[in-house]
Amino acid sequence: MRRGVLGVVGGRIGDVERVACRRKPIAIAPRIDHFRRRVVGQTIREVGRVGKRVVLRLDSADAIVLEPRMTGLVLVANPPSREHLRFRCRLTGSGTRELLYWDRRGLGNVRLFSPAEFETAFGPEKLGPDALAMTADLFRTRLGGSKRAVKVALLDQRAVAGIGNLYASEILHVAGVHPARRCDRITRDQWRRIADATHAVLETAIRCEGSTLGDGTYRNALNQAGSYQNHHRVYDKAGEGCLRCGAESRIVRIVQAQRSTFYCRECQRN
DNA sequence: CCCCAGTCCTGCGGGC
DNA sequence: TGCCCGCAGGACTGGG
């Protein structure tokens with residue numbers, strides 16, 4: 001999603017508006033008039049990412065952070081529907097004329113941070129190292145002492161930033177580790193496989209522009225469907241055969257920390 | 001420290 | 001067909 005937004009770099013913010021929507025508006029902070037006062041006329045210097053959020057760094061050193069959560073989209077193209085458009089940022093002086101935030105469920109938010117606020121919200125106390133920067137040793141030092149199930153721990157953004165529910169199941173399947181395995185019983189070799197799998201899965205998913213599941217919600221910044229769902233090995237595949245070990249009908253769904261986990265009962269042993 | 005349920009929302013597909 | 005229920009790429013809070 002971030003990559004599709006890179007064209008806004010160099011753009012000057014003309015106006016920002018909260019788009020009227022039927023129901024409760026999404027969280028935009030600070031209030032839109034204060035927000036506008038601080039960003040209009042600013043140039044976007046850089047498009048970054050912090051965990052699962054897109055970060056627009058401005059000349060003023062303030063940063064606009066868009067956090068899509070489950071169903072939010074950061075777009076530089078027409079949104080999937082007019083209906084759930086939440087926020088618009090008009091731009092001049094770049095190829096992109098406007099940046100939009102669209103969110104069906106409205107669980108996400110758009111917030112403006114000063115450098116100090118940004119550090120408080122996303123510093124090392126709140127967010128672990130990025131998933132793509134993780135090594136076997138980093139995994140082991142950060143999670144190896146925990147009694148938690150490894151799949152639950154992978155979703156803990158304070159431990160590792162950027163792994164979502166779908167990808168946690170896929171990563172553990174590639175690594176051949178049972179999702180309920182306690183972190184403190186995972187071997188060095190398994191951490192190495194988890195680290196390798198994290199890179200393999202996330203890098204491929206990024207190349208594929210993410211996973212567009214049944215309801216079609218996830219799209220890239222151009223409102224195009226992703227294709228990583230075609231690479232899924234376990235997610236939403238309960239009852240199917242395993243591509244890793246060839247076992248028939250051994251993929252199952254369980255619930256951990258109130259969220260779905262999928263794994264192969266044959267080749268991911270606890 | 002860690003679990004769990006509840007909360008914020010909308011919309012979908014399945015079962016009856 | 002219509003209705004109800006469970007479920008969803010996330011994160012946070014409060015209670016135990």
Side-chain angles (χ1 to χ4, degrees), chain A residues 1-2 4 21-29 49-54 65-75 79-87 101-111 120-122 125-128 131 142-172 179-180 182-184 198 201-202 204-206 208-221 223-239 253-262:
Chain A
M1 186 177 286
R2 181 195 69 92
C21 49
R22 256 186 314 146
R23 297 207 148 219
K24 196 168 208 168
I26 59 148
I28 294 178
R49 178 175 69 75
V50 55
K52 302 172 185 172
R53 305 159 180 91
V54 173
V65 179
L66 303 107
E67 182 179 348
R69 304 236 181 146
M70 304 280 268
T71 54
L73 299 177
V74 180
L75 294 159
S81 75
R82 202 86 250 177
E83 192 180 4
H84 298 111
L85 189 59
R86 312 285 183 157
F87 176 85
Y101 182 73
W102 179 95
D103 193 341
R104 179 157 58 73
R105 285 169 74 180
L107 302 179
N109 58 70
V110 178
R111 289 181 289 168
T120 304
F122 308 119
E125 303 271 293
K126 290 289 184 66
L127 221 51
R142 299 191 64 84
L143 293 175
S146 168
K147 295 177 165 60
R148 303 149 89 188
V150 61
K151 193 271 189 168
V152 176
L154 289 180
L155 294 180
D156 179 351
Q157 304 297 302
R158 303 172 74 120
V160 187
I163 299 177
N165 192 51
L166 179 167
Y167 297 106
S169 285
E170 293 296 322
I171 286 165
L172 290 173
R182 279 172 52 152
C183 287
D184 60 359
T198 299
V201 168
L202 295 183
T204 305
I206 289 167
C208 290
E209 305 279 354
S211 299
T212 300
L213 300 184
D215 68 358
T217 297
Y218 181 76
R219 325 283 295 179
N220 69 10
N223 189 26
Q224 296 161 333
S227 63
Y228 192 73
Q229 66 279 6
N230 302 323
H231 297 260
H232 288 182
R233 301 153 58 115
V234 290
Y235 187 81
D236 208 17
K237 292 192 178 292
R253 172 184 180 269
I254 59 171
V255 175
Q256 293 179 284
Q258 291 83 240
R259 309 196 70 189
S260 290
T261 300
F262 296 87

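Computed from a predicted model, the values in this text were never measured in an experiment. Protein chains get the first letters and strands the later ones, always in sequence-line order, with residue 1 at the start of each.
By the salt bridge (charged side-chain N to carboxylate O under 4.0 Å, His left out) test, A:Asp236 pairs with no residue at all, sequence neighbours left out.
For A:Arg86 (side chain) and A:Asp103 (main-chain N/O), a donor-acceptor pair under 3.5 Å exists by modelled atom type. In this structure, the side chain of A:Thr71 engages the main chain of A:Arg105 through a donor-acceptor pair within 3.5 Å. With hydrogens and angles ignored, the 3.5 Å screen pairs no side-chain donor or acceptor of A:Arg219 with any backbone N or O of A:Thr212.
Applying the 90° cutoff around 0 to the glycosidic angle, B:dG13 is assigned anti.
The heavy-atom pair separating A:Cys208 from A:His231 by the smallest distance is SG-NE2, 3.6 Å.
At the phosphate of C:dA11, OP1 or OP2 sits under 4.0 Å from a side-chain N or O atom of A:Lys52. Distances shown here put every side-chain N or O of A:His232 at or beyond 4.0 Å from the OP1 or OP2 atom of C:dG9. Within the 4.0 Å cut-off from OP1 or OP2 of C:dG10, at least one side-chain nitrogen or oxygen of A:Arg259 is found.
In this structure, CG of A:Asn109 is placed 10 Å from C1' of C:dA11, rounded to the nearest angstrom. Rounded to an integer number of Å, the gap from A:Glu209 CD to C:dG9 P is 20 Å. Straight-line distance from the CG atom of A:Asp103 to the P atom of C:dA11: 13 Å, rounded to whole Å. The distance from atom CZ of A:Arg53 to atom C1' of C:dC12 is 11 Å, rounded to the nearest whole Å. Atom pair A:Arg69:CZ and B:dT10:C1' shows a separation of 16 Å (rounding to whole Å applied). Straight-line distance from the CG atom of A:Leu155 to the P atom of C:dG9: 9 Å, rounded to whole Å. The nearest whole Å value for the distance from the CG atom in A:Asp184 to the C1' atom in B:dC1 is 13 Å. Taking atom CG of A:Leu154 as the reference point, atom P of C:dA11 lies 13 Å away to the nearest angstrom.
Taking the six-membered ring for Trp and thresholds of 30 and 60 degrees, A:His232 and A:Tyr235 have ring planes more than 60 degrees apart, a perpendicular arrangement. Using the six-membered ring where Trp is involved, A:Tyr167 and A:Tyr228 have ring planes that are tilted, between 30° and 60° apart.
Rounded to the nearest Å, the gap between the P atom of C:dC7 and that of B:dG6 is 14 Å. For the C1' atoms, the distance linking B:dC2 with C:dG9 amounts to 25 Å, nearest Å.
Among the protein residues, A:Gly164 comes within range of the sugar-phosphate backbone only, with heavy atoms under 4.0 Å from sugar or phosphate atoms but none that close to a base. Within the 4.0 angstrom heavy-atom criterion, base atoms lie near A:Gln258. Contacts of A:Tyr167 with the nucleic acid, taken as non-hydrogen atoms under 4.0 Å apart, are absent. A:Thr71 comes within 4.0 angstrom of nothing in the nucleic acid, heavy atoms only. Looking at heavy-atom distances under 4.0 Å, A:Arg148 makes contact with sugar-phosphate atoms alone, never a base.
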Both distances under 3.5 Å, Watson-Crick or G-U wobble: on that basis, could you give the dot-bracket string for DNA chain C, with [ ] for crossing pairs and | for other-strand partners?
-> .|||||||.|||||||

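Heavy-atom distances to DNA chain B give each of A:Arg104 and A:Asp156 a nearest nucleotide, and the one nearer the 5′ end belongs to A:Asp156. Across the interface with DNA chain B, nearest-nucleotide mapping of A:Asp215 and A:Ser146 shows A:Ser146 to be the residue nearer the 5′ end.
Listed nucleotides C:dG9, C:dA8, B:dG11 differ in distance to A:Tyr218; the shortest reach to its side chain belongs to C:dG9. Here B:dG11 is the nucleotide among B:dG11, C:dC12, C:dA8 with the atom lying nearest to any side-chain atom of A:Glu83.
Within the structure, the salt bridge (Lys or Arg N to Asp or Glu O under 4.0 Å) test picks out the following pairs touching residues 152-170 of chain A (sequence neighbours left out): A:Arg148-A:Asp156.
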